[in-house]
Amino acid sequence: MSPLYEDVDSGDEIPALTVTVDETQMFFFSAATYNGHRIHYDKDWARDTEGYDNVLVQGPLQAALLSRALTDWIGGAGRLVAFSVQNRAIAYPGQQLTFGGVITGKREGGLVDLDIYCKRGDEVLMPGTATVALPSKVGP
């Protein structure tokens, strides 16, 4: 069930989504997005040519999981209005990533602003902001 506009406040956290991305999920995401960059599937290339310890989880996959955390929270009666993120650090497959956010404000029309994130432990890999529209007890 969607949260109601009147029932959320600044400082409230949305339920976190925790995902451990694996190489199969990365393969299918690359196929679905036509992303053929070897850094996402070729370990030798990632190590020898790019200098990483392993292949890298795609930034757009992390953003998609972050938007899923938001849409899971707002449910079918809510609407994602705005979404912006910055990919600031890498993630490797097999690492536990947490996607979530904190409400920073409310505006007329049922709009709720949030600071959102993808974290690995306490390290923020992908900060961002979002605005959602939530249903109201009094209707539209």
Side-chain angles (χ1 to χ4, degrees):
M1 185 170 154
S2 298
L4 297 174
Y5 176 77
E6 293 83 3
D7 294 336
V8 300
D9 290 304
S10 290
D12 289 352
E13 293 189 30
I14 69 169
L17 170 67
T18 302
V19 176
T20 301
V21 175
D22 63 27
E23 291 180 37
T24 302
Q25 185 178 18
M26 292 170 54
F27 170 80
F28 284 116
F29 190 82
S30 282
T33 59
Y34 300 100
N35 181 348
H37 195 305
R38 292 172 70 173
I39 204 162
H40 301 302
Y41 68 87
D42 185 334
K43 290 180 185 182
D44 291 333
W45 175 271
R47 278 193 289 263
D48 300 338
T49 305
E50 301 285 347
Y52 294 105
D53 294 335
N54 197 351
V55 293
L56 304 182
V57 176
Q58 301 93 330
L61 175 55
Q62 293 174 60
L65 290 165
L66 184 46
S67 67
R68 177 181 156 201
L70 286 165
T71 57
D72 284 355
W73 172 60
I74 63 176
R79 185 170 47 93
L80 181 58
V81 175
F83 179 85
S84 177
V85 294
Q86 296 177 356
N87 191 6
R88 292 193 181 166
I90 61 171
Y92 294 115
Q95 295 179 330
Q96 188 176 64
L97 304 177
T98 303
F99 304 88
V102 177
I103 296 172
T104 58
K106 294 169 64 173
R107 296 184 274 146
E108 288 186 29
L111 297 177
V112 177
D113 298 315
L114 301 101
D115 283 340
I116 56 176
Y117 59 81
C118 166
K119 290 182 180 180
R120 178 183 49 232
D122 290 333
E123 180 185 9
V124 176
L125 308 179
M126 180 175 282
T129 59
T131 300
V132 300
L134 295 179
S136 174
K137 291 178 183 178
V138 295

Euclidean distance, T71 OG1 relative to L80 CG, rounded to 0.5 Å: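 Going from the CG atom of L80 to the OG1 atom of T71 covers 7.5 Å.
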Spacing of CG belonging to L66 relative to CG belonging to L61, to within rounding of 0.5 Å: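 Between L66 CG and L61 CG, I get 11.5 Å after rounding to 0.5 Å.
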Could you pull out every donor-acceptor pair under 3.5 Å between side chains of residues 19-26 and any protein atom, sequence neighbours left out?
| residue | atom | partner | partner atom | Å |
| --- | --- | --- | --- | --- |
| D22 | OD1 | T24 | N | 3.2 |
| D22 | OD1 | Q25 | N | 2.8 |
| E23 | OE2 | K43 | NZ | 3.2 |

Side chain to side chain contact (heavy atoms under 4.5 Å, CB included) between H37 and L56, intermediate numbers included: CA-CA 10 Å; H37 195 305; L56 304 182; over 6 Å; no
Which atom pair, heavy atoms only, marks the closest approach of [X] to [Y]?
| X | Y | answer |
| --- | --- | --- |
| A69 | L17 | CB-CB, 3.9 Å |
| Y5 | V112 | CD1-CG2, 3.9 Å |
| V124 | Y117 | CG1-CB, 4.2 Å |
| S2 | G78 | OG-N, 3.6 Å |

Side chain to side chain contact (heavy atoms under 4.5 Å, CB included) between M126 and F99, worked out: CA-CA 9 Å; M126 180 175 282; F99 304 88; over 6 Å; no
Partners passing salt bridge (Lys or Arg N to Asp or Glu O under 4.0 Å) against D42 (at least two apart in sequence or in another chain):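 Here the qualifying residues are R38.
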Those residues that, when tested against D48, pass salt bridge (Lys or Arg N to Asp or Glu O under 4.0 Å) (two or more places apart):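 Once residues adjacent in sequence are excluded, D48 has no partner under the salt bridge (Lys or Arg N to Asp or Glu O under 4.0 Å) criterion.
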My understanding is that only residues two or more places apart in sequence, or in another chain, count here; which of them pass side-chain contact (heavy atoms from CB on, under 4.5 Å) with [X]?
| X | result |
| --- | --- |
| A64 | F29 |
| I14 | L70, W73, L114 |
| S84 | T129 |
| A82 | T131 |

Stepwise side chain to side chain contact (heavy atoms under 4.5 Å, CB included) test for L125 and R88: CA-CA 5 Å; L125 308 179; R88 292 193 181 166; over 6 Å; no
With sequence neighbours excluded, residues passing side chain to side chain donor-acceptor pair (under 3.5 Å) with Q58: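 Result, side chain to side chain donor-acceptor pair (under 3.5 Å) vs Q58: S30.
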By side chain to side chain donor-acceptor pair (under 3.5 Å) - contacts of E13 (at least two apart):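 Not a single residue meets the side chain to side chain donor-acceptor pair (under 3.5 Å) criterion with E13.
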Pairs touching residues 67-82 that satisfy salt bridge (charged side-chain N to carboxylate O under 4.0 Å, His left out), sequence neighbours left out: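 The answer is R68-D72.
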Listed once per pair and sorted, the salt bridge (charged side-chain N to carboxylate O under 4.0 Å, His left out) pairs that draw on residues 100-113, sequence neighbours left out: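 Passing the test, one end in residues 100-113: R107-D113.
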N/O donor to acceptor pairs below 3.5 angstrom from side-chain atoms of residues 90-98, sequence neighbours left out:
| residue | atom | partner | partner atom | Å |
| --- | --- | --- | --- | --- |
| Y92 | OH | D53 | N | 3.3 |
| Q95 | OE1 | Y92 | N | 2.9 |
| Q95 | OE1 | R120 | NH1 | 2.9 |

Residues I103, D9; criterion side chain to side chain contact (heavy atoms under 4.5 Å, CB included); working and verdict: CA-CA 7 Å; I103 296 172; D9 290 304; over 6 Å; no
